[in-house]
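For reference, the structure is listed below as structure tokens.
To find a chain, count down the sequence lines: A is the first, B the second, and so on, and within it residues start at 1.
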Amino acid sequence: MKYWLMKSEPTAFSIDDLARRGTEPWDGVRNYQARNYLRQMRVGDQAFFYHSNCAEPAIVGLVEVVTEAYPDPSQFDPDSPYFDPKSSREAPRWSLVEVRFERKLARPITLRELKADPALAGLALLQRGHRLSVMPVTPAQWRHILALE
DNA sequence: GCCAACGTTGGC
DNA sequence: GCCAACGTTGGC
């Protein structure tokens with residue numbers, strides 16, 4: 001089993017939204033590297049749910065991957081903001097996985113706190129740019145972060 | 001709202 | 001294939 005971190009802007013889709021919905025297709029990823037990570041995901045993988053672009057960026061919950069990657073339908077929908085005219089049903093460019101709410105953390109583990117922790121210096125979230133919306137987390141990083149809760 | 005860091009696009 | 005222009009992300 002692998003571990004991941006997935007970003008969402010809470011004004012668009014928050015951990016509480018996911019808690020209400022239960023399971024959600026993680027659509028709209030339009031970056032090749034992030035897409036490749038989605039395609040590496042397997043049912044049962046675990047991910048941190050991270051709130052980005054907000055007052056207090058933080059890891060706020062845990063989710064489980066419940067499907068393999070499949071073509072993101074929004075790429076074919078001209079009315080969707082994620083529509084990609086260069087993609088086709090014969091050769092879909094973009095993928096998604098579905099994730100299921102597992103639980104909220106007892107408290108948010110903030111970006112500031114992650115940055116201040118020497119054990120997490122290698123965390124992908126903290127590397128230059130860190131603009132990927134989906135990124136891997138090592139088992140050691142996963143355990144270390146959960147122990148901060 | 002600013003701006004640094006990137007990815008993508010497209011002219012050449 | 002280079003690279004400037006442009007758009008987006010996301011912390012602050």
Legend entry - Counterpart residues, side chain to side chain contact (heavy atoms under 4.5 Å, CB included), relative to A/Thr138 (two or more places apart): A/Ala140, A/Gln141
Inset, instruction - Would you please name every residue forming a side chain to side chain contact (heavy atoms under 4.5 Å, CB included) with A/Arg20, sequence neighbours left out? - result: A/Asp16, A/Asp17
Taking only distance into account, with no hydrogens and no angle test, what donor-acceptor pairs under 3.5 Å do side-chain atoms of residues 119-127 of chain A form with protein atoms, sequence neighbours excluded?
| residue | atom | partner | partner atom | Å |
| --- | --- | --- | --- | --- |
| A/Gln127 | NE2 | A/Ala121 | O | 2.8 |
| A/Gln127 | NE2 | A/Leu123 | O | 2.8 |

Legend entry - Nearest-nucleotide pick for A/Arg131, side chain only, options being C/dG11, B/dG10, C/dG7: C/dG7
Legend entry - Residue A/Tyr32, side-chain atoms from C-beta onward, closest of C/dG11, B/dT8, B/dG10: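 Nearest nucleotide to the side chain: B/dT8.
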Legend entry - Polar side-chain atom of A/Lys7 near backbone of A/Leu132 as donor-acceptor pair, under 3.5 Å: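 Yes.
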Inset, instruction - Indicate yes or no for a side-chain donor-acceptor contact from A/Gln75 to the backbone of A/Trp94 under 3.5 Å, with no hydrogens or angles considered. - result: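 The answer is yes, because a donor-acceptor pair under 3.5 Å joins these two groups.
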Inset, instruction - Enumerate the residue pairs fulfilling ring-ring contact (aromatic ring centres under 6.0 Å, His included) with a member in residues 42-82 of chain A, sequence neighbours excluded, ordered by first and then second residue. - result: A/Trp26-A/Phe49, A/Phe48-A/Trp142, A/Phe49-A/His51
For the pair made of [atom1] in [X] and [atom2] in [N], what is the distance, rounded to whole Å?
{"X": "A/Leu5", "N": "C/dG10", "atom1": "CG", "atom2": "P", "value": "11 Å"}
{"X": "A/Leu125", "N": "C/dG11", "atom1": "CG", "atom2": "C1'", "value": "11 Å"}
{"X": "A/Glu56", "N": "C/dG10", "atom1": "CD", "atom2": "P", "value": "17 Å"}
{"X": "A/Gln33", "N": "B/dG7", "atom1": "CD", "atom2": "P", "value": "7 Å"}
{"X": "A/Trp94", "N": "B/dT8", "atom1": "CH2", "atom2": "P", "value": "7 Å"}
{"X": "A/Met135", "N": "C/dT9", "atom1": "CE", "atom2": "C1'", "value": "11 Å"}
{"X": "A/His130", "N": "C/dG11", "atom1": "NE2", "atom2": "C1'", "value": "6 Å"}
{"X": "A/Asp84", "N": "B/dT9", "atom1": "CG", "atom2": "C1'", "value": "13 Å"}

Inset, instruction - Please report the closest heavy-atom contact between A/Arg107 and A/Leu148, naming both atoms and the distance. - result: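 Minimum heavy-atom contact is NH2-O, 2.7 Å.
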Inset, instruction - Would you mind listing every salt bridge (charged side-chain N to carboxylate O under 4.0 Å, His left out) that reaches into residues 136-149 of chain A, with sequence neighbours excluded? - result: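 Qualifying pairs: A/Arg103-A/Glu149.
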[X]: side-chain hydrogen bond (donor to acceptor under 3.5 Å, both in side chains) partners, not counting sequence neighbours:
{"X": "A/Arg112", "value": "none"}
{"X": "A/Arg30", "value": "A/Asp72, A/Ser74"}
{"X": "A/Asp45", "value": "A/Trp4"}

Inset, instruction - Specify the residues of residues 105-118 of chain A, ordered by number, for which at least one heavy atom lies under 4.0 angstrom from an atom of DNA chain C. - result: A/Leu111, A/Lys115
Inset, instruction - Could you check A/Asn53 against A/Arg93 and say which one's nearest nucleotide on DNA chain B is further toward the 5' end? - result: A/Asn53
Check nucleotides 3-6 of chain C for protein N or O atoms closer than 3.5 Å to its own N or O atoms and list the pairs.
none

Inset, instruction - Check whether any side-chain nitrogen or oxygen of A/Lys7 sits under 4.0 Å from OP1 or OP2 of C/dT9, and answer yes or no. - result: no
Legend entry - Strand DNA chain B as a dot-bracket string - pairs counted if Watson-Crick or G-U with both distances under 3.5 Å, | where the partner lies in another strand: ||||||||||||
Inset, instruction - Taking salt bridge (charged side-chain N to carboxylate O under 4.0 Å, His left out) as the test, write out the residues that go with A/Glu56, two or more places apart. - result: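 Applying salt bridge (charged side-chain N to carboxylate O under 4.0 Å, His left out) to A/Glu56 gives none.
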